[in-house]
Amino acid sequence: MHTLHRNDQELRRLEELHELLHRGINPYPPTFEKSHSSQHILSGFTDENAQDFSSVRLAGRIMAIRKMGKATFCHLQDDAGRIQIYLKKDDIPDFYDILGNLDIGDIIGVSGHVFRTKTGEISVWAKQAILLCKSLRVLPIAKEETDEQGNKVVYDAFADKELRYRKRYVDLIVNPEVKDVFVKRSKIISTMRRFFEDRGWLEVETPILQPLYGGATARPFITHHNALDIELYLRIADELYLKRLIVGGYEGVYEFCKNFRNEGMDRSHNPEFTLMEIYIAYKDYIWMMGMVEELLSTLCMKVNGSHTVSYDGHELSFQAPFRRATMYELITEAINEDIRGYDREQLLAVARKNNVEVESTASGMKIFDEIFSQKVQHTLIQPTFVMDYPVEMSPLAKAHRSEPGLVERFELYVAGTELANCFSELNDPIDQRARLEDQARIRAAGDDEAMVVDEDFLYAIEVGMPPTAGLGIGIDRLVMMLTGQTSIRDVLFFPQMKPEKQAH
RNA sequence: GACCCCGUAGCUCAGCGGUAGAGCAUCUGACUUUUAAUCAGAGGGCCGAUGGUUCGAUCCCAUCCGGGGUCACCA
């Protein structure tokens with residue numbers, strides 16, 4: 001589908017465009033005054049109130065044409081749906097003359113009255129019609145039929161994933177259910193904003209280009225600023241900046257932040273993705289669990305009209321409360337052995353016994369993590385708060401109030417994947433410095449995902465941050481779950497794709 | 001990054017050693033309430049790219065490009 005290449009159908013459309021110009025018709029007029037949407041008419045019209053629909057003006061893209069000599073039926077698609085238009089030569093002789101130069105994909109405006117055809121379909125009888133945009137490209141149009149049970153059957157749907165992602169605008173035109181997913185995405189985000197705003201929390205913006213990156217363990221994208229002649233990193237997480245704002249005196253801040261991580265891509269990873277991070281002063285991770293339950297059940301109800309949603313063969317329930325269990329409890333449940341306090345050798349033995357694959361050089365922490373990943377994670381289908389992580393896995397979380405060696409942290413798992421991450425934020429500056437210096441040592445030893453020491457962040461923590469709860473929710477994954485999509489590419493308008501290489 | 005599958009007309013697909021086929025879409029004609037409209041006719045393809053094997057390659061082999069999936073990395 002190269003830009004300059006035109007096939008025979010497209011060359012013919014160019015000719016039609018020239019014919020229209022030759023006839024003195026502007027194929028791209030400036031405006032059209034609409035009075036109704038298709039949905040408005042289809043849901044509002046009854047045979048009794050026909051007089052209320054005696055004069056409607058609507059516009060849309062031609063999606064089907066059935067010409068029958070001196071009368072033509074076509075279907076027009078607008079933002080809200082599709083409606084049939086009836087065009088009769090006697091009524092609109094001038095427009096009817098140029099009908100031969102119009103195609104599926106062109107956009108027209110129509111005014112007329114609403115009626116019901118012999119076969120019962122609510123339609124608009126055009127008394128005037130005007131071309132609003134001549135299309136020069138062919139749409140991969142599918143045919144639809146409604147069978148006897150009233151189910152919609154689609155023939156030859158535009159299904160090529162690659163083309164659908166590369167030409168998303170075409171996908172949106174011909175696959176209407178794709179539009180619905182993105183409407184839901186928008187609704188999820190606006191509902192979250194309202195939820196936070198109602199509680200007095202402040203939406204903020206923080207830098208995407210950062211001289212130091214932090215707040216997560218991930219490889220960054222690196223770029224260069226010419227005037228300053230320095231390297232800058234694209235944000236991998238929002239955490240360190242939002243905490244500075246809590247230090248600055250705001251008591252609730254959040255951001256829908258685009259993050260960039262220079263890592264592999266698959267069904268749940270795109271190199272840029274959206275995270276919502278929120279920090280609330282004077283709260284802890286226990287309080288945050290309640291907030292997350294309320295938020296997610298609100299969102300699911302708002303988007304799906306129900307607290308349940310089907311996803312990847314599961315019926316997920318976002319009805320609060322969600323299950324809460326500690327990491328150790330879940331592991332004990334899965335392998336029938338309490339591994340609290342085990343050293344590296346003992347963990348390795350447990351891993352072997354339970355067929356957990358680990359590299360022979362893995363640290364004790366890594367082995368522990370693998371046991372959880374391979375034995376527990378995939379079993380967490382219904383929303384589950386996994387609580388209390390080992391301190392080594394969480395350099396920015398506060399030490400547990402009663403369990404030595406652990407931090408006050410939870411991750412919310414749904415359908416076997418992580419949806420949210422939260423901790424009581426570490427605000428002890430001495431402890432924080434020690435943890436980041438540990439990270440720096442790990443980094444120096446060759447782990448390029450370990451965090452770097454951010455002195456300004458440490459300075460802020462030394463100025464003093466109140467006790468604070470922080471939460472991150474993966475928006476793309478949330479949208480996937482609430483809309484039943486199992487690929488992140490289906491909840492992003494323009495997922496990252498390899499550039500098509502030009503033939504040489 | 002590894003492995004498996006895929007790439008044929010605008011779309012969805014069939015074909016498989018003798019340089020291509022269907023449905024829809026398109027074009028011409030008929031048709032003033034059709035709806036996967038119908039009826040009659042027609043055009044349309046560097047069979048992803050490059051090499052190799054062969055008398056001959058869309059088909060077999062190799063490499064490359066792009067996509068999907070699984071795994072790894074990763075949230």
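A note on names: the letters A, B, ... follow the listed sequences, proteins ahead of strands, and every chain is numbered from 1.
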Q. Does the ring center of A/Tyr328 lie less than 6.0 Å from the ring center of A/Phe368?
A. yes
Q) For A/Trp125 and A/Ile141, take the nucleotide of RNA chain B holding the closest heavy atom to each; which residue's nucleotide lies nearer the 5' end? A) A/Ile141
(Q) Rounded to whole Å, how long is the line connecting atom CG of A/Leu163 with atom P of B/G67? (A) 11 Å
Q) Hey, which of these two, A/Lys70 or A/Pro140, hits RNA chain B nearer its 5' end, going by closest nucleotide? A) A/Pro140
(Q) What's A/Ala64 touching, base or sugar-phosphate or nothing? Going by heavy atoms closer than 4.0 Å. (A) nothing
Q | Any A/Lys498 side-chain N or O less than 4.0 Å from OP1/OP2 of B/C65 | A | no
Q. Within this structure, what is the CZ-to-P distance between A/Arg267 and B/G67, rounded to whole angstrom?
A. 17 Å
Q. What does A/Gly474 touch in the nucleic acid at a heavy-atom separation under 4.0 angstrom: a base, only the sugar-phosphate, or nothing?
A. nothing
Q.
Would you measure the distance from the C1' atom in B/A9 across to the matching atom in B/G44 and give it in whole Å?
A. 6 Å
Q | Modelled atom types, side-chain donor and acceptor of A/Ser37 and A/Asp79, under 3.5 Å | A | no
Q | Pairwise distance CD1(A/Ile188) to CE(A/Met276) - rounded to 0.5 angstrom | A | 12.5 Å
Q: Rounded to whole angstrom, note down the P distance from B/C59 over to B/G68.
A: 24 Å
Q) Under 4.0 Å between a Lys/Arg side-chain N and an Asp/Glu carboxylate O for A/Lys258 and A/Glu272? A) yes
Q) Contact class for A/Gln9 vs. all strands (heavy atom < 4.0 Å): base, sugar-phosphate, or nothing? A) base
Q.
How many whole angstroms separate atom NZ of A/Lys161 from atom C1' of B/C5?
A. 15 Å
Q.
For a quick check, tell me whether the side chain of A/Asp90 and the base of B/U32 share a donor-acceptor pair closer than 3.5 Å.
A. yes
Q) Base, sugar-phosphate alone, or nothing: which one does A/Asp103 contact when heavy atoms must sit under 4.0 Å apart? A) sugar-phosphate
**Q.** Separation of atom CG in A/Asn270 from atom P in B/C74, rounded to whole Å
**A.** 18 Å
**Q.** Base paired to B/U38 (Watson-Crick or G-U; both N/O distances under 3.5 angstrom)
**A.** B/A30
**Q.** A/Arg344 atom CZ, neighbour heavy-atom count above 12 within 6.0 Å
**A.** yes
(Q) It should be established whether A/Arg261 places a side-chain nitrogen or oxygen under 4.0 Å from OP1 or OP2 of nucleotide B/C73. (A) no
Q) Which of the following nucleotides, B/A25, B/U32, B/U34, is nearest to the side chain of A/Glu121? A) B/U34
Q.
Without decimals, in angstroms, what is the distance between A/Met68 CE and B/C39 C1'?
A. 12 Å
Q | Spacing of the P atoms in B/U54 and B/C13 (rounded, Å) | A | 36 Å
(Q) Over all strands shown, is A/Ala216 touching base, sugar-phosphate only, or nothing at heavy-atom distances under 4.0 angstrom? (A) nothing
Q) What interatomic distance, in whole Å, is found between P of B/A14 and the corresponding atom of B/C60? A) 15 Å
Q.
Starting the side chain at C-beta, find the nucleotide from B/G67, B/G10, B/U34 nearest to A/Val138.
A. B/G10
Q. Can you find a side chain N or O atom of A/Lys88 that sits less than 4.0 Å from OP1 or OP2 on B/U32?
A. no
Q.
Measure CD/A/Glu144 against P/B/G23 and give the value in whole Å, please.
A. 21 Å
Q. So what does A/Ala142 hit on the nucleic acid, given a heavy-atom distance under 4.0 Å: a base, only sugar-phosphate, or nothing?
A. nothing
**Q.** Gap between atom CZ of A/Phe256 and atom CD1 of A/Ile473 - 0.5 Å precision
**A.** 8.5 Å
Q. What is the nucleic acid contact for A/Lys89, judged by heavy atoms within less than 4.0 Å: base, sugar-phosphate only, or nothing?
A. nothing
Q: Check the distance between B/A72's C1' and A/His269's NE2 and give it to me in whole angstrom.
A: 11 Å
Q: Taking atom C1' in both B/G45 and B/G15, compute the distance separating them and give it to the nearest angstrom.
A: 14 Å
Q. Under 4.0 angstrom, heavy atoms only, what part of the nucleic acid is A/Asp160 near: base, sugar-phosphate, or nothing?
A. sugar-phosphate
Q.
Rounding to an integer number of angstrom, what distance separates B/C27 and B/G17 when you compare their C1' atoms?
A. 35 Å
Q.
For A/Gln128, is the CD atom crowded, meaning more than 12 foreign heavy atoms sit under 6.0 Å from it?
A. no
Q. Which listed nucleotide (B/G69, B/G67, B/U33) is nearest to the side chain of A/Arg489?
A. B/G69
Q: Compute the ring centroids of A/Phe410 and A/Phe322, then answer whether they are less than 6.0 Å apart.
A: no
Q: Answer yes or no: side-chain N or O of A/Gln84 and base N or O of B/U34 forming a donor-acceptor pair under 3.5 Å.
A: yes
Q: Among the candidates B/U32, B/A25, B/C73, find the nucleotide nearest to the side-chain atoms of A/Ile104.
A: B/A25
Q. Expressed in angstrom and rounded to an integer, what is the separation of A/Leu102 atom CG from B/C27 atom P?
A. 11 Å
Q) When we call it a touch if two heavy atoms are under 4.0 Å apart, what does A/Tyr96 touch: a base, just sugar-phosphate, or nothing? A) nothing
Q) A/Asn7 near the nucleic acid: base, sugar-phosphate alone, or nothing, with a heavy-atom cut-off under 4.0 Å? A) sugar-phosphate
(Q) When both hydrogen-bonding distances must be under 3.5 Å and the geometry is Watson-Crick or G-U wobble, what is B/C3 paired with, if anything? (A) B/G69
Q: For B/C11, give its Watson-Crick or G-U wobble partner with both distances under 3.5 Å, or none.
A: B/G23
Q. Now, which nucleotide makes the Watson-Crick or G-U wobble pair with B/G45, with each of the two distances under 3.5 Å?
A. none
Q) Which atoms form the tightest heavy-atom contact between A/Asp91 and A/Trp125, and what is the distance? A) OD2-NE1, 2.7 Å
Q. Among the nucleotides B/C73, B/U12, B/G68, which one has an atom lying closest to any side-chain atom of A/Asp266?
A. B/C73
(Q) Heavy atoms only, 4.0 Å cut-off, all strands: where does A/Arg13 land among base, sugar-phosphate and nothing? (A) nothing
(Q) Categorize A/Phe115 for me: base, sugar-phosphate, or nothing, with a 4.0 angstrom heavy-atom threshold over every strand shown. (A) base
Q.
Would you measure the distance from the P atom in B/C39 across to the matching atom in B/A49 and give it in whole Å?
A. 36 Å
**Q.** B/G43 and B/A25, which share atom name C1', separated by this distance in whole Å
**A.** 13 Å
